[in-house]
Amino acid sequence: MPTESTQYIMRRDVGTSLYAGLLFAVLGSVAWATGQPFIFPSLGPSAFLLAFERETGRKRRYRIVASHIIGGVAGFVAHAILASGVVITMTPPAFSVEGLRLAASATLSVVATSGAMIATDTVHAPACATTLIVSLGLLSTPAQVVIISVSVVVLVEFHAGVLAGYRRLVGDKHPLYDGK
């Protein structure tokens with residue numbers, strides 16, 4: 001027979017998984033309805049972190065949004081300078097100029113994103129995946145970088161709205177919040 005503690009952990013684990021899916025489904029619905037890339041790989045880790053930690057503080061939301069914007073802009077600049085017109089849709093041939101340009105673009109974008117996040121106290125590791133998505137040419141237009149930014153805002157604000165509604169229903173002392 002599972003203990004009360006084990007049951008709580010199981011509910012938390014299943015709840016976290018389902019909630020991360022809900023967060024991602026909202027953006028998936030927007031992507032489906034608009035035909036635009038409102039979902040991309042680095043949003044998965046961001047959705048998981050929001051679902052797992054369940055924090056809604058304004059500073060945390062700002063950190064997540066700002067870090068992805070930094071990643072998008074750094075990736076855009078790196079791609080524009082070093083790899084414009086090249087997209088990594090398959091592995092480039094060994095020692096190719098295109099491969100070198102993409103590697104240089106990716107490296108510059110990670111360095112710039114990491115440095116800018118540290119300098120601005122907006123560290124959120126999934127933003128390094130965002131910068132690679134952009135710097136490797138996968139979502140590298142100005143409009144796509146704006147969509148990336150809007151996606152992250154939708155993600156964190158939907159999360160904040162869900163948690164605010166949940167707190168109104170069950171109160172701040174619910175075990176999910178651990179007093180936060």
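It should be emphasised that the depicted structure is a prediction, and the values quoted were computed from it without experimental measurement.
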Give, for atom CD1 of Ile39 and atom OG of Ser29, the distance between the pair rounded to the nearest 0.5 Å.
-> 9.5 Å
When rounded to the nearest 0.5 Å, the distance separating CG of Leu27 from OG of Ser46 is 10.0 Å
Judged by atom type as modelled, is there a donor-acceptor pair below 3.5 Å linking the side chain of Ser114 to the main-chain atoms of Val111?
-> no
Full working for side chain to side chain contact (heavy atoms under 4.5 Å, CB included) between Phe48 and Leu23 = CA-CA 9 Å; Phe48 170 77; Leu23 292 173; over 6 Å; no
Smallest heavy-atom separation, Leu102 atom then Ser135 atom, equals CD2-O, 4.2 Å
Between Val134 and Ile148, does a side chain to side chain contact (heavy atoms under 4.5 Å, CB included) hold up when you go through it step by step?
-> CA-CA 10 Å; Val134 178; Ile148 287 169; 3.6 Å; yes
So if you build clusters from Ile, Leu, Val, Met, Phe, Trp, Tyr with side-chain heavy-atom gaps below 4.5 Å, do Ile64 and Phe158 land together?
-> yes
Do the rings of His68 and Phe40 sit parallel, tilted or perpendicular, given the 30° and 60° boundaries?
-> perpendicular
Looking only at heavy atoms, which two atoms of Pro126 and Ser42 are closest? And how far apart?
-> O-CB, 3.3 Å
Nearest heavy-atom approach of Ile70 to Ala116 is CG2-CB, 3.5 Å
State whether the side chain of Ser105 and the backbone N or O of Arg101 hold a donor-acceptor pair below 3.5 Å, judged by distance alone.
-> no
In Å and rounded to the nearest 0.5 Å, what is the NE2 to OG distance from His79 to Ser109?
-> 10.0 Å
How long is the span from the CZ atom in Phe76 to the CD atom in Gln144, to the nearest 0.5 Å?
-> 10.5 Å
Does one hydrophobic cluster hold both Val153 and Met117, with members joined at side-chain heavy-atom distances below 4.5 Å?
-> no
Answer whether the closest heavy-atom distance between the side chains of Val65 and Glu157 falls below 4.5 Å.
-> no
Using atom types as modelled and distance alone, determine if a side-chain donor or acceptor of Thr113 lies under 3.5 Å from a backbone N or O of Val110.
-> no
Counting N and O atoms only, with roles assigned by atom type, does the side chain of Ser149 sit under 3.5 Å from a partner on the main chain of Val145, one being a donor and the other an acceptor?
-> yes
ILVMFWY network linking Val26 to Leu49, side-chain heavy atoms under 4.5 angstrom = no
Give the minimum heavy-atom separation between Val156 and Arg61, together with the two atoms involved.
-> O-CD, 3.7 Å
Reported OG1-to-CG distance for the pair Thr107 and Leu132, which is rounded to 0.5 angstrom | 8.5 Å
Is a donor on one side and an acceptor on the other found under 3.5 Å between the side chain of Glu53 and the backbone of Leu50?
-> no
What about Trp32 and Val150, same hydrophobic cluster or not, with Ile/Leu/Val/Met/Phe/Trp/Tyr joined at side-chain heavy-atom distances under 4.5 Å?
-> no
Do other residues, nucleotides or ligands put more than 12 heavy atoms under 6.0 Å from the CZ atom of Phe24?
-> yes
Looking only at heavy atoms, the pair that brings Lys59 and Asp121 closest together is NZ-OD2, 3.6 Å
What distance separates Leu139 CG from Thr130 OG1, expressed to the nearest 0.5 Å?
-> 9.5 Å
Should Ile133 and Val87 be counted in the same cluster of Ile, Leu, Val, Met, Phe, Trp and Tyr side chains packed under 4.5 Å apart?
-> yes
Any side-chain heavy atom of Phe38 sitting closer than 4.5 Å to one from Val154?
-> no
Ignoring hydrogens and geometry, is there a side-chain-to-backbone donor-acceptor pair from Thr131 to Gly75 under 3.5 Å?
-> yes
Please examine the side chains of Leu100 and Phe95, heavy atoms only from C-beta on, and report whether any two atoms are closer than 4.5 Å.
-> no
